[in-house]
Peer 1: 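Following this message is one structure expressed as structure tokens.
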2 protein chains.
Amino acid sequence: MIQTRLLETAIDQFGRLGFEGASTREIARASDTAMSSITYHFGGKEGLYLAAADHIAKQVREILGPLRQKAEELAGNSTREQTIELLLAMLDGFAQMMLRLESEAWSRFIVREQQQPTEAFERLYQGAMKAMIETFVLLLRGARTDLDDAECRATAIMLFGQALVLRVGRASVCRALGVEALGEAEGTLLRTRLRKTALCILEEGNG
Amino acid sequence: MIQTRLLETAIDQFGRLGFEGASTREIARASDTAMSSITYHFGGKEGLYLAAADHIAKQVREILGPLRQKAEELAGNSTREQTIELLLAMLDGFAQMMLRLESEAWSRFIVREQQQPTEAFERLYQGAMKAMIETFVLLLRGARTDLDDAECRATAIMLFGQALVLRVGRASVCRALGVEALGEAEGTLLRTRLRKTALCILEEGNG
DNA sequence: GTCTATACTACGATAGAC
DNA sequence: GTCTATCGTAGTATAGAC
């Protein structure tokens, strides 16, 4: 599928070089097609960019969807222990995504949009992030009944930050751990620590 | 000073558009000078990029330097309570930097380098980040004697992540809180929550 | 649908006037 | 030291062949 090939190359190139820095010529060449295919299939550079955002949202949905669905099922009737375990599982799923090599290209794309949102951010948010965040906050309210809604949302942000840093602070994370790249061992260490810090945040208050 | 003006514009433009995306013509124009000034003062586009990294490192040193110095003074002889309070102060200083409008341009530049390090990352790390991270880890070892060095470093990463997300996940943070932009009220809410989550992580173990 | 060819604009570097 | 002028390259978009 030439569309898919173009989209995957586009995500990589846009993520790496930004919208302005990436070139449609290069994206087409790396996808083994002519530049005008982009015009034909996506209407131009901007159309390709937005389609790339949709493509990312779809893949993120497919990866994190099952966990989210399970969370919504258990949202109504579950013990505090179950709720906390599910929150930890969602966070670990997110952390694993941040550690994955495949997510590197997406992440670059998404982080760019976080700092300078365009129409593409809207598609990413509505298409994948919103549902995940809202489910997470809902569960968190069950685990931390001592906090009001705004406090829960702020706490959720802190929890996500701990996983996000694995991707967006990657170079510093490697330096801090004294390694060239994050391998199996470092991944386990970091995920274990994340579980511990998250657990003590979740159990705070009414333990 | 035309050099300073060029550097500040460069940080903004490189951060926004990336190395390839930014144009020396535009940087010069926005700095009210000719493009060839860049060649004269910095040797070219790449020289300007590296000089911009040095400029950022210098400013970060000036902002976070005092806290770091105080930390090193107290590192040897201080109570656990003092150590924890200092760690919280350093983290809050970092969080305030992430919330500041002025740091927006730097952050974009740094985040880019984190995900795709070039020689500029080396300058940022050696020039500002290394000292801050190592001081933080040293203090953390004093507060969490139950953890070994690697575990402390991983925990430090989690703590920094909670502040980092305020900048690199900005668009989602705003959405999660249901606001257009982060104002005084949201800043206070987030910093208060950060203090609480950090405190419970720091006090874990040997309370 | 996918290609080649072309029009037009903007890029970085550099030479030379002042 | 700062400017203008110019060169060669590479960008997007588009028209038209197949």
Peer 1: In whole angstrom, give the distance that lies between atom CD1 of B:Ile38 and atom P of C:dG12.
Peer 2: 8 Å
Peer 1: Measure the shortest side-chain to side-chain distance between A:Arg195 and A:Asp92 over non-hydrogen atoms and say whether it is less than 4.5 angstrom.
Peer 2: no
Peer 1: Roughly how many Å is it from OH in B:Tyr49 to P in C:dG12, rounded to a whole number?
Peer 2: 14 Å
Peer 1: What's the CD-C1' distance between A:Glu26 and D:dT9, to the nearest Å?
Peer 2: 15 Å
Peer 1: B:Leu6 CG to D:dC3 C1': how many Å, rounded?
Peer 2: 14 Å
Peer 1: Give me each pair satisfying ring pair (Phe, Tyr, Trp, His ring centres under 6.0 Å) with a member in residues 44-70 of chain B, each pair once, sequence neighbours excluded.
Peer 2: B:Phe14-B:Tyr49, B:Phe19-B:Tyr49, B:Tyr49-B:Phe109
Peer 1: Picking from D:dT2, C:dT2, C:dT4, which would you name as closest to the side chain of B:Ile2?
Peer 2: D:dT2
Peer 1: Going by the rule side chain to side chain donor-acceptor pair (under 3.5 Å), which residues pair with B:Asp32 if we only count those two or more places apart in sequence or in a different chain?
Peer 2: none
Peer 1: Report the distance from atom CZ of B:Arg29 to atom C1' of D:dT2, rounded to the nearest whole Å.
Peer 2: 18 Å
Peer 1: Mind running a 4.0 Å heavy-atom check of residues 13-23 of chain A against DNA chain D and sending the residues that fall below it, in number order?
Peer 2: A:Ala22, A:Ser23
Peer 1: Could you pull out all residues at least two apart from A:Thr39 that satisfy side chain to side chain donor-acceptor pair (under 3.5 Å)?
Peer 2: none
Peer 1: What ring pair (Phe, Tyr, Trp, His ring centres under 6.0 Å) pairs are there with at least one residue in residues 181-201 of chain A, not counting sequence neighbours?
Peer 2: none
Peer 1: Could you list the residues that satisfy side chain to side chain donor-acceptor pair (under 3.5 Å) with B:Glu46, not counting sequence neighbours?
Peer 2: none
Peer 1: Using whole Å, what does the distance between atom P of nucleotide D:dG1 and atom CZ of B:Arg5 come to?
Peer 2: 16 Å
Peer 1: Would you kindly say whether B:Arg144 and B:Thr155 are connected by a side-chain donor-acceptor distance under 3.5 Å?
Peer 2: no
Peer 1: Take atom CD1 of B:Ile27 and atom C1' of D:dT2, then tell me their distance rounded to the nearest Å.
Peer 2: 18 Å
Peer 1: Can you tell me which residue pairs pass the salt bridge (charged side-chain N to carboxylate O under 4.0 Å, His left out) test with a partner in residues 173-186 of chain B, sequence neighbours excluded?
Peer 2: A:Glu122-B:Arg175
Peer 1: Is the shortest side-chain N/O distance from A:Tyr40 to OP1 or OP2 of C:dG1 below 4.0 Å?
Peer 2: yes
Peer 1: Which atom pairs link the protein and nucleotides 13-16 of chain D when you take only N or O atoms and keep those under 3.5 Å?
Peer 2:
from: D:dA13; atom 1: OP2; to: A:Lys45; atom 2: N; distance (Å): 3.4

Peer 1: Under the rule for side chain to side chain donor-acceptor pair (under 3.5 Å), what residues qualify as partners of A:Glu134, not counting sequence neighbours?
Peer 2: A:Arg153
